[in-house]
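Here the structure is laid out as structure tokens; the discussion comes afterwards.
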Amino acid sequence: MLILVHDRKDDRKLKRLIVPIICIPLLILSACKEEPSNDQARAETVKIDQDSELNIVPLYVSYQKYLNASLEAFDSECSKKNYAKYVLHEIDRVGKQEQFDPTSLKEYFMLQSTAYPEALLDRIDALFKRQDDIKKIITKNYTIAHDVLPKKKSTIFIAPLNSEYIRMTESMGGVAAAAYKDTFILYLDSDFDENVLAYTIAHEYHHLILQDRPEYQMNNVLDSAIVEGKADAFAERILKGMKPPWAIPMDTSTKKHVAQLIHSGEASYEDMIDGNTEKKLPRWSNYNLGRDIIDHYISSHPNASIKEWSFATEDDLLEGYTYQKLLQQ
């Protein structure tokens, strides 16, 4: 799943479009779709235990305000401006309130205005009707993860998935996510798979735990593979019987080829996520190679606890791994 990014430096390399300062004024539609009720749309703080809490923040109303301000005389530049005014500003407000920096989250490519406003309004309608179930899934699986590796405070944003990314997420059950320090954001299609959402919560939670560690790093492709491998191993162990849609074991020759491309520096982060036919890299290579590395460590240390292998160093994890030399040179 595009569990995508976890505060990657690559995201900052994406070219930014300059929004003109002057924009043609647009009328806010009085006849647009109704905003969600307060109960369905409000942020909610959930006490996990005496010392820990989770803040769940649906962005439905912010999205509707942005769309209603842009829809009647749709103009792409004004749409971007309205998106920043209503959606990104709300993320800033929550970040200030909850004391985390939302800068990297806002730079992620999926968090942007859409060229399909009517479809997005329909998706918002469908999601806020399911919001009670969404909150239950988030709370239940966050709590399960917290019981294994506690964390004092987190914020989870919920955003409707833009139509531009529907096909990208079809194989991921209509769920995508991106994790940052103390927060992650969920992108949901209207017919998202509830089991995939449950798995995603556990997977992303593990990223939050690792990012609390002073030694956490995400400097290269191997770092990404190991972080994703740990998160998958964690989610599969605490949510019995669940596997992600991208869990496709690599055969021996493919693992060696991927390790060689990492060694030579030919495999980019995007290649490892999306696949590259010219380089003969399958999609989800970083998740599957990372999981193979973690499985090797766990099989070599059968008595190791989840906490032990979660915080194990790269050197420890790769010790005795078949492609250790290729990956560490």
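This structure is a prediction, so every number in the text was calculated from the model and none was measured.
Between T45 and L54, every side-chain heavy-atom pair lies at or beyond the 4.5 Å cut-off. Looking at heavy atoms from C-beta onward, P244 lies in side-chain contact with D232 at the 4.5 angstrom threshold. No side-chain heavy atom of V94 sits under 4.5 Å from any side-chain heavy atom of T183. Side-chain contact check for E314 versus Q328: some heavy-atom pair is nearer than 4.5 Å. Residues E90 and Y86 fail the side-chain proximity criterion, which asks for heavy atoms closer than 4.5 Å.
Counting all heavy atoms, side chain and backbone alike, F184 lies closest to A179 at CB-CA, 3.5 Å. Residue S163 comes nearest to A119 through the heavy atom pair OG-CB, 3.4 Å, listed as atom of the first residue, atom of the second, then distance. Minimum heavy-atom separation, L210 to K230: CD1-CD, 4.0 Å. The two residues I124 and P160 have their closest heavy-atom pair at CG1-CG, 3.7 Å. Residues F192 and G174 approach most closely at CB-O, 3.7 Å, considering heavy atoms.
Side-chain contact, D251 with T254: a donor N or O sits under 3.5 Å from an acceptor N or O. Residues E228 and H207 have side chains that bring a donor and an acceptor to within less than 3.5 angstrom of each other. With hydrogens and angles left out, the side-chain atoms of Y180 and Y108 include no donor and acceptor closer than 3.5 Å. In summary, the side chains of R130 and S190 do not present any donor paired with an acceptor at a separation below 3.5 Å, with no hydrogens or angles considered.
With sequence neighbours excluded, the residues that form a ring pair (Phe, Tyr, Trp, His ring centres under 6.0 Å) with H296 are Y321. Contacts of Y165 classified as ring pair (Phe, Tyr, Trp, His ring centres under 6.0 Å), with partners at least two apart in sequence or in another chain: F109. For T313, the side chain to side chain contact (heavy atoms under 4.5 Å, CB included) partners two or more places apart in sequence, or in a different chain, are D315, D316. Every residue two or more places apart in sequence or in another chain that forms a salt bridge (Lys or Arg N to Asp or Glu O under 4.0 Å) with E53 is listed here: K153. Partners of R213 under the salt bridge (Lys or Arg N to Asp or Glu O under 4.0 Å) rule, at least two apart in sequence or in another chain, are E215.
Ring centroids of Y287 and W246 are separated by less than 6.0 Å, placing the two rings close together.
Annotation: the span from I134 atom CD1 to L197 atom CG amounts to 7.0 Å, rounded to 0.5 Å. Between T200 atom OG1 and I137 atom CD1 the span is 10.5 Å, to the nearest 0.5 Å.
Under a 3.5 Å cut-off, the side chain of Q97 and the backbone N or O of R93 do not form any donor-acceptor pair. At distances below 3.5 Å, at least one donor-acceptor pair connects side-chain atoms of N288 with backbone N or O atoms of I248.
A side-chain contact (heavy atoms from CB on, under 4.5 Å) with N286 is found for exactly one of I273, I226, D223, namely I273. Remark: of the listed residues K151, K47, H146, H146 is the sole one forming a side chain to side chain donor-acceptor pair (under 3.5 Å) with S52. Results of the side-chain contact (heavy atoms from CB on, under 4.5 Å) test with D182 over L208, D212, D101, T155 single out D212 as the only residue that passes.
Residue pairs meeting the salt bridge (Lys or Arg N to Asp or Glu O under 4.0 Å) criterion with at least one member in residues 234-243, sequence neighbours excluded: E236-K243, E236-R291.
Salt-bridge annotation for D292 and K255: present, with a side-chain N of the basic residue lying under 4.0 Å from a carboxylate O of the acidic one. K152 has no carboxylate O lying under 4.0 Å from a charged side-chain N of D51, or vice versa, which leaves the two without a salt bridge. A salt bridge between K279 and E266 is absent, with no side-chain N of the basic residue lying under 4.0 Å from a carboxylate O of the acidic one.
Relative ring orientation between F128 and Y60 is described as tilted, the plane-to-plane angle lying within the 30° to 60° band. Aromatic ring pairs are classed by plane angle as parallel below 30°, tilted from 30° to 60° and perpendicular above 60°; the pair Y142 and Y205 is perpendicular.
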